[in-house]
Amino acid sequence: MYPIIRNRRLRASESIRRLVRETIITPDDFLVPLFVVEGKNVKEEIPSMPNYFRFSLDNLEKEVKELWKMGLCSVLLFVKVPENLKDNKGTEALNAEGLMQRAIKTIKNACPEMLVMTDVALDPYSSYGHDGVVSDGQILNDESVEILTEMGLSHAQAGADFLAPSDMMDGRILSMREALEDEGFFNTGIMSYSAKYASAFYGPFRDALDSAPVDIKNVPKDKKSYQMDFANRFEAIRETQLDIDEGADIVMVKPGLAYLDIVREIRNEVEVPVAVYQVSGEYAMVKAAAEKGWLNHDAVMMEQLTSIKRAGANIIASYFAKDVIKLLNQ
């Protein structure tokens with residue numbers, strides 16, 4: 001009791017605050033999302049994501065080498081597919097010489113030790129912008145899982161270390177795990193987007209890949225029939241536990257900051273690593289407000305990331321990764 005106990009003693013100086021700090025951000029916390037496009041010598045900024053870029057394969061190689069030198073050792077790949085290659089069944093996703101498959105090989109050739117995770121979902125390949133096959137106004141689950149499983153296998157064959165299915169179809173983790181085992185990819189892991197919410201924070205990401213649902217008749221206008229209702233809490237635990245039972249090695253909560261209660265719930269319930277995706281809208285809000293001079297960019301960035309790790313995240317997928325490392329190295 002006071003005055004014998006004075007809590008402020010442990011806050012009296014920066015040195016003591018650093019000594020007793022419970023949560024510390026390091027390069028090992030980060031999974032770096034990378035956007036890949038066709039072409040040569042392409043490095044194009046995404047308008048709604050300031051200072052974040054799409055890379056052609058030649059510049060992807062340079063970027064990965066830079067990340068490795070910075071101490072960032074894991075990447076998560078997404079591809080922007082040309083419109084003429086899109087269809088309802090995501091046929092291009094299964095092309096062994098497709099952009100994703102070539103991107104995996106490019107990274108592994110340039111930096112063999114870099115951990116490569118790949119997005120497994122149909123929306124970048126879909127003419128309708130959905131994560132599954134569309135039929136009569138519905139997203140078909142089982143037919144989509146079959147395609148997603150083939151897609152995941154093609155990534156493993158190209159050299160991916162982990163598949164990261166983000167589609168939220170029922171049963172896709174078990175299907176992928178069994179297929180990987182059958183084909184001898186025993187050490188290829190699965191990071192499941194287990195608690196992926198139907199969120200309004202994804203807008204800039206969909207701009208980056210041109211993957212938003214199209215507004216035409218008999219096509220669902222949103223993804224609420226497969227992504228989770230943001231009002232739900234217990235459903236997240238159930239979804240996550242099912243994915244673990246089906247063979248997920250890592251589970252993910254997406255988005256991040258508005259879902260830290262879910263992160264802590266899941267961290268308390270499971271014994272596998274928990275990833276959190278700090279999504280494009282979270283990134284864009286900080287960049288925009290900082291540009292206006294309304295907040296301190298670096299301070300808010302670090303506070304948000306620390307809160308995500310403090311909530312229980314073992315892994316943070318974040319567009320701020322390079323900004324953080326540069327700040328820590330100052």
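Along the sequence shown, residues are numbered consecutively beginning with 1. For clarity, every value in this text was computed on a predicted model and none was experimentally measured.
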Got a sec, which residues hit side-chain contact (heavy atoms from CB on, under 4.5 Å) with Lys43, two or more places apart in sequence or on another chain?
Phe53, Phe55, Asn59
Can you list everything that forms a side-chain hydrogen bond (donor to acceptor under 3.5 Å, both in side chains) with Arg310? Sequence neighbours excluded, please.
none
With sequence neighbours left out, write down each residue that passes salt bridge (Lys or Arg N to Asp or Glu O under 4.0 Å) with Asp323, or none if nothing qualifies.
Lys287
Do the side chain of Thr306 and the main chain of Met302 share a donor and acceptor less than 3.5 angstrom apart?
yes
Cation-pi check, Lys254 onto Tyr202 ring (under 6.0 Å, within 45° of axis)
yes
Side-chain donor-acceptor pairs under 3.5 Å in residues 154-161, sequence neighbours left out?
unit_1 : atom_1 : unit_2 : atom_2 : d
Ser154 : OG     : Gln101 : NE2    : 2.9
Ser154 : OG     : Met151 : O      : 2.7
His155 : ND1    : Thr118 : OG1    : 2.9
Asp161 : OD1    : Lys108 : NZ     : 3.4
Asp161 : OD2    : Lys108 : NZ     : 2.7
Asp161 : OD2    : Val116 : N      : 2.8

So which pairs with a foot in residues 72-104 pass ring pair (Phe, Tyr, Trp, His ring centres under 6.0 Å), sequence neighbours left out?
Phe35-Phe78, Phe78-Phe205
Just do the side chain to side chain donor-acceptor pair (under 3.5 Å) check on Ser15 and Ser13 with the steps written out, would you?
CA-CA 5 Å; Ser15 294; Ser13 70; 4.7 Å; no
Which label fits His130 and Tyr226: parallel for a plane angle under 30°, tilted from 30 to 60°, or perpendicular past 60°?
perpendicular
Atom pair CZ/CD of Arg21 and Glu14 - distance to nearest 0.5 Å:
5.5 Å
Is the shortest side-chain N to carboxylate O distance from Arg177 to Asp245 below 4.0 Å?
no
Does Phe320 have any ring pair (Phe, Tyr, Trp, His ring centres under 6.0 Å) partners at least two apart in sequence or in another chain, and if so, which?
Tyr283, His297
Tested for salt bridge (Lys or Arg N to Asp or Glu O under 4.0 Å) against Arg54, the lone hit among Glu63, Glu44, Glu45 is Glu44
Between Lys62 and Glu66, does at least one N-O distance fall below 4.0 Å, as a salt bridge requires?
no
